[in-house]
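Basis for what follows: all heavy atoms, side chains included, without hydrogens, waters or symmetry-related copies.
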Amino acid sequence: MKPMDRRRFLQLAAGTGLAALGGWGGVRALGAAEGGGPVISQQPRRAPAVFVSHGSPMVGIETDPYTDALARFGAAEAPGAILVVSAHWEAGGPIRVTSADRHGTIHDFGGFPRALYEVRYPATGAPALAAEVSERLGAAGFPATLDAGRGLDHGAWVPLLRMKPRADVPVVAVSLPDPRTPDELLRIGEALRPLRDAGVLILGSGGIVHNLRILEWREKFAPAADWARGFDEWVAERLAGDRDLRAFREAPSGRLAVPTSEHFDPVFVVLGASTPGDVHEPIFTGFHYGTLSMRTFALRS
């Protein structure tokens, strides 16, 4: 099945009531046109593609300069929906796409304060968008299936809680394929790129430097280790240049900074969803616990 064209997608969104919740970045149905379709009042602004280093689950209940930066960014953005690819959802077989009307909150961690387990992020889903995502992935050679039972893991809901605390933007989550390569993830992002023109913010959630075996757990604001800062700076230089991060394993301290790829991999989906004219916009730079890079950035036209 070919993906829907942009006009049909917007019409379907409006017809399912999603446009009435704010549309995709300002699109609203004003009534029935000839033939019964909704009238679209305006075209949405292209939404950014964003990578967020989500850090510790404690981000959900602690405030600091990083959470303040996420809050400022979220307050300035008005997407019609958010499509999130989290490091904490890997799936073999077809890529899975959440299709429920409302998401549950998954507390997929252990050993944290009780208050963190009491947090709920009751985001609505976007079934029409989920269907479009599945179709676009399939057309790009990545079989996908709808998943009405999956909620939002902490890689998704923790940063979303800080960006959109009212949970007033519909969310669709997409799993990371397992196995995968950077080139495949870039192609997945490319397949999803047109959704940005419909006001869908594409969010990759993971971490630039993420080695849980080497952390200063007792000191959140410990000085950054030289090796971790070096790799983080290597990434920053490429984000400001050609944005080719595929050789991350060969970068200085690359194998130490990224011992397993699941937290780094969402960055490739974001890069694939970018356009040649996008500008790199840092949202936050810095470290938690000595080696955990919290680098977060947007790519926007």
Side-chain angles (χ1 to χ4, degrees), residues 50-75 81-91 96-126 130 147-176 178 201 203-222 259-260 262-266 283-284 286-294 296:
V50 179
F51 178 81
V52 59
S53 293
H54 60 250
S56 162
M58 291 296 290
V59 165
I61 57 174
E62 294 179 344
T63 58
D64 58 35
Y66 165 76
T67 60
D68 291 345
L70 288 189
R72 287 192 299 271
F73 176 80
I82 297 174
L83 188 157
V84 60
V85 179
S86 166
H88 292 278
W89 191 16
E90 301 174 272
R96 308 189 74 82
V97 183
T98 61
S99 59
D101 291 322
R102 185 170 294 275
H103 293 291
T105 304
I106 303 174
H107 298 84
D108 50 339
F109 42 75
F112 290 91
R114 179 182 178 88
L116 188 57
Y117 299 92
E118 294 174 348
V119 176
R120 298 291 182 272
Y121 190 76
T124 59
D147 187 333
R150 171 80 181 190
L152 298 178
D153 59 67
H154 82 272
W157 68 260
V158 167
L160 288 174
L161 175 67
R162 291 306 185 177
M163 292 168 62
K164 293 294 182 183
R166 295 175 60 189
D168 54 358
V169 178
V171 177
V172 168
V174 177
S175 69
L176 283 170
D178 187 18
L201 188 152
L203 178 67
S205 177
I208 296 299
V209 181
H210 191 273
N211 189 331
L212 298 185
R213 294 171 295 181
I214 312 175
L215 289 179
E216 294 289 345
W217 278 114
R218 286 182 257 181
E219 190 175 352
K220 182 176 182 179
F221 300 110
T260 57
E262 76 287 334
H263 276 73
F264 198 79
D265 282 340
I283 296 171
F284 184 83
F287 282 80
H288 286 173
Y289 307 107
T291 67
L292 194 61
S293 170
M294 304 303 291
T296 298

On a heavy-atom basis, the closest approach of Gly206 and Ala87 is CA-CB, 4.1 Å
Closest non-hydrogen atoms of Val172 and Ala130, given as atom of the first, atom of the second and distance, are CG2-N, 4.1 Å
Report the residue from Leu161, Val158, Val52, Leu116 that forms a side chain to side chain contact (heavy atoms under 4.5 Å, CB included) with Val59.
Val158
How far apart are the closest heavy atoms of Thr291 and Asn211, and which atoms are they?
OG1-O, 4.2 Å
Heavy atoms of Gly207 and Ser53 approach each other most closely as CA-OG, 3.6 Å
Separation of Arg72 CZ from Ile283 CD1 (nearest 0.5 Å)
10.5 Å
Which residues pass the salt bridge (Lys or Arg N to Asp or Glu O under 4.0 Å) test with Arg162, sequence neighbours left out?
none
Does some side-chain heavy atom of Ser86 sit less than 4.5 Å from a side-chain heavy atom of His154?
no
At what distance, to the nearest 0.5 angstrom, does CG of Asp265 lie from CD of Glu90?
8.0 Å
How about Arg150 and His103: do any of their side-chain heavy atoms sit closer than 4.5 Å?
no
How long is the gap from CD on Glu118 to CD1 on Ile61, to the nearest 0.5 Å?
9.5 Å
Tell me whether Ser175 contacts the main-chain N or O of Arg96 through its side chain, where contact means a donor paired with an acceptor under 3.5 Å.
yes
Evaluate the side-chain proximity of Leu201 to Val169: yes if any heavy-atom separation is below 4.5 Å, no if none is.
no
Among all residues two or more places apart in sequence or in another chain, which pass the side chain to side chain contact (heavy atoms under 4.5 Å, CB included) test with Asp64?
Tyr66, Thr67, Lys220, Phe221, His288
Kindly compute the distance separating OG1 (Thr296) from CG (Leu203), expressed to the nearest 0.5 Å.
9.0 Å
Identify the two heavy atoms, one from Tyr121 and one from Ala167, that lie closest to each other, and give their separation to 0.1 Å.
OH-CA, 3.5 Å
Side chains of Thr105 and Val119: closer than 4.5 Å at any heavy-atom pair?
no
Quick one: pull up CG in Leu152 and CZ in Arg120 and give me the separation to the nearest 0.5 Å.
12.5 Å
Run Trp89 and Thr98 through side chain to side chain contact (heavy atoms under 4.5 Å, CB included) and show every step you take.
CA-CA 11 Å; Trp89 191 16; Thr98 61; 3.7 Å; yes
Assess the residue pair Ile208 and Phe264 against the criterion (side chain to side chain contact (heavy atoms under 4.5 Å, CB included)); give the C-alpha distance rounded to whole Å, side-chain angles, the decisive distance to 0.1 Å, and a yes or no.
CA-CA 6 Å; Ile208 296 299; Phe264 198 79; 4.1 Å; yes
I need the minimum non-hydrogen distance between Val171 and Ala123, along with the two atoms involved.
CG2-CB, 3.9 Å
Asp101, CG atom: more than 12 neighbouring heavy atoms under 6.0 Å
no
Met163 side chain near Phe73 side chain, heavy-atom distance below 4.5 Å:
yes
Are Trp157 and His54 close enough that their ring centers fall under 6.0 Å?
no
Just wondering, do Leu292 and Phe287 contact through their side chains at under 4.5 Å, heavy atoms?
no
